[in-house]
Amino acid sequence: MAKQKGEQAALPSSILVDESIGWMENGILRQFHEGQHVTNAADIESLVNHGAQYLELK
(Lines give C-alpha, C1' and ligand atoms only; values in the text may rest on other atoms or scores of the structure.)
Protein backbone atom coordinates (compact mmCIF):
# COMPACT_ATOMS: atom_id res chain seq x y z
CA MET A 1 0.00 0.00 0.00
CA ALA A 2 1.43 3.38 -0.99
CA LYS A 3 1.72 6.05 1.68
CA GLN A 4 -0.33 9.13 0.82
CA LYS A 5 0.97 12.67 1.27
CA GLY A 6 0.44 13.72 4.89
CA GLU A 7 -0.21 10.15 6.01
CA GLN A 8 2.24 8.85 8.62
CA ALA A 9 2.68 5.09 8.63
CA ALA A 10 3.78 3.42 11.85
CA LEU A 11 7.36 2.22 11.62
CA PRO A 12 8.20 -1.33 12.61
CA SER A 13 10.14 -1.76 15.87
CA SER A 14 12.42 -4.48 14.52
CA ILE A 15 13.59 -5.18 10.96
CA LEU A 16 15.96 -7.45 9.08
CA VAL A 17 17.78 -5.68 6.23
CA ASP A 18 17.02 -7.61 3.02
CA GLU A 19 19.53 -5.84 0.77
CA SER A 20 22.72 -3.97 1.68
CA ILE A 21 22.39 -0.18 1.59
CA GLY A 22 24.57 2.81 2.38
CA TRP A 23 24.56 6.60 2.13
CA MET A 24 26.52 9.62 3.32
CA GLU A 25 25.06 11.53 6.25
CA ASN A 26 26.85 14.63 7.58
CA GLY A 27 30.13 13.37 6.14
CA ILE A 28 29.75 9.92 7.68
CA LEU A 29 29.11 6.77 5.66
CA ARG A 30 26.09 4.91 7.06
CA GLN A 31 26.03 1.24 6.00
CA PHE A 32 23.63 -1.58 6.75
CA HIS A 33 24.26 -5.05 5.40
CA GLU A 34 21.98 -7.81 4.15
CA GLY A 35 20.82 -9.88 7.12
CA GLN A 36 21.54 -7.17 9.69
CA HIS A 37 18.97 -7.00 12.52
CA VAL A 38 18.05 -3.37 13.34
CA THR A 39 16.03 -2.30 16.41
CA ASN A 40 17.10 1.34 16.85
CA ALA A 41 14.09 3.51 15.94
CA ALA A 42 16.22 6.30 14.43
CA ASP A 43 18.11 3.81 12.24
CA ILE A 44 14.85 2.18 11.12
CA GLU A 45 13.41 5.58 10.19
CA SER A 46 16.56 6.44 8.21
CA LEU A 47 16.48 3.10 6.41
CA VAL A 48 12.81 3.52 5.46
CA ASN A 49 13.42 7.10 4.30
CA HIS A 50 16.30 5.90 2.10
CA GLY A 51 14.15 3.19 0.50
CA ALA A 52 15.81 0.18 2.11
CA GLN A 53 14.45 -3.27 1.41
CA TYR A 54 13.67 -5.05 4.70
CA LEU A 55 11.60 -7.68 6.43
CA GLU A 56 9.56 -6.63 9.45
CA LEU A 57 10.15 -8.81 12.51
CA LYS A 58 7.62 -9.28 15.28
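For the numbers below, each heavy atom of this structure counts, side chains included, while hydrogens, waters and symmetry mates do not.
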> Do the side chains of V48 and L16 join up, straight or via other hydrophobic residues, at under 4.5 Å, putting them in one cluster?
Replying inline: no

> Among the clusters formed by ILVMFWY side chains lying less than 4.5 Å apart, do I21 and L11 turn up in the same one?
Replying inline: yes

> Taking only residues two or more places apart in sequence, or in another chain, which ones meet L29 in a side-chain contact (heavy atoms from CB on, under 4.5 Å)?
Replying inline: M24, Q31

>> Run the side-chain contact (heavy atoms from CB on, under 4.5 Å) test against S13 and tell me which residues pass, sequence neighbours left out.
In response: none

> Quick one: ring pair (Phe, Tyr, Trp, His ring centres under 6.0 Å) pairs with a partner in residues 37-58, sequence neighbours left out?
Replying inline: W23-H50

Taking all non-hydrogen atoms of both residues into account, name the closest pair between [X] and [Y] and its distance.
X   : Y   : answer
V38 : V17 : CG2-CG2, 3.9 Å
A42 : N40 : N-OD1, 2.9 Å
T39 : S14 : CG2-OG, 3.9 Å

> Please, which pairs that meet salt bridge (Lys or Arg N to Asp or Glu O under 4.0 Å) have at least one residue in residues 17-28, sequence neighbours excluded?
Replying inline: E25-R30

> Tell me, which pairs form a salt bridge (Lys or Arg N to Asp or Glu O under 4.0 Å) where one or both residues lie in residues 47-58, sequence neighbours left out?
Replying inline: none

>> If hydrophobic residues (ILVMFWY) are linked whenever their side-chain heavy atoms come closer than 4.5 Å, directly or via other members, who joins I28 in its cluster?
In response: none

